[in-house]
Amino acid sequence: EGNESADDLTISSISGSGGITIRTDTSSNGSVFFSDATSGAAEYAGFVQYTHSNNSLLLGTASTTRMTINSSGSVGIGLTNPTGKLAVSDGTVVAEINPFSASSGAFIGTRSNHHILFKTNATERARITTDGNTVFTDKDSGHRGGGFYSRTKTVSLSGDNRSSFM
């Protein structure tokens with residue numbers, strides 16, 4: 001027995017664990033394909049594939065790899081070779097979250113020449129430009145202020161007076 005929409009093959013164990021093992025040699029792939037055709041790319045329209053040669057797991061839709069988990073546990077969405085622990089790409093911009101050792105913090109940013117935007121309610125509130133300037137948007141007027149940039153000083157903002165940082 002299984003869900004009526006997927007009960008053509010059911011693996012069951014009366015007591016204890018059950019499962020499936022797909023075993024291939026060290027240079028081959030183990031795969032599960034989701035198909036709606038008998039030829040062409042539609043034969044693997046969706047897939048889960050483990051690549052033994054580099055120990056990575058691929059998830060695909062529309063016959064294309066959409067997410068990769070590599071052998072070090074890094075996750076790439078929209079790219080097959082993530083450089084950070086979590087890397088997301090639209091094909092042009094790569095954004096990353098990458099923790100470093102406990103003593104050095106973490107990296108959140110881009111590896112390409114693109115700004116980092118901070119939004120709330122789908123509206124830009126702040127931006128770190130590609131040259132390192134930080135720009136804040138006044139929520140009432142929509143004007144940008146800032147240009148705060150310092151390699152040796154810390155910039156702190158506090159209080160209710162917008163003019164104190166504009």
Answer yes or no: is there a side-chain heavy-atom contact under 4.5 Å between Val75 and Met67?
-> yes

Quick one: does Asn55's side chain get under 4.5 Å of Tyr50's, heavy atoms only?
-> yes

Looking only at heavy atoms, what is the nearest atom pair of Ala87 and Leu79, with distance?
-> O-CD2, 4.1 Å

Would you name the heavy atoms of Thr68 and Pro82 that are closest together and state the gap between them?
-> O-CG, 4.4 Å

Should [X] and [Y] be counted in the same cluster of Ile, Leu, Val, Met, Phe, Trp and Tyr side chains packed under 4.5 Å apart?
X      : Y      : result
Val135 : Ile116 : no
Phe33  : Leu9   : no
Ile22  : Phe34  : yes
Leu86  : Leu59  : yes

Name of the residue among Leu58, Val32, Thr61 meeting side chain to side chain contact (heavy atoms under 4.5 Å, CB included) with Phe47 | Leu58

Taking Ser35 for its side chain and Ala37 for its backbone only, find out whether a donor-acceptor pair lies under 3.5 Å.
-> yes

Would you check if the side chain of Ser63 reaches a backbone N or O of Ala41 as a donor-acceptor pair within less than 3.5 Å?
-> yes

Say you draw a straight line from [atom1] of [X] to [atom2] of [Y]; how long is it, rounded to the nearest 0.5 Å?
X      : Y      : atom1 : atom2 : value
Asn29  : Thr24  : CG    : OG1   : 7.0 Å
His115 : Asp131 : NE2   : CG    : 8.0 Å
Arg127 : Thr129 : CZ    : OG1   : 8.0 Å
Gln49  : Leu57  : CD    : CG    : 9.0 Å
Glu96  : Ile108 : CD    : CD1   : 11.0 Å

Full working for side-chain hydrogen bond (donor to acceptor under 3.5 Å, both in side chains) between Asn121 and Thr123 | CA-CA 5 Å; Asn121 200 26; Thr123 301; 5.4 Å; no

Using only heavy-atom distances, determine whether the side chains of Ser72 and Asn70 contain a donor-acceptor pair under 3.5 Å.
-> yes

Just wondering, more than 12 heavy atoms not from Asn113 lying within 6.0 Å of its CG?
-> no

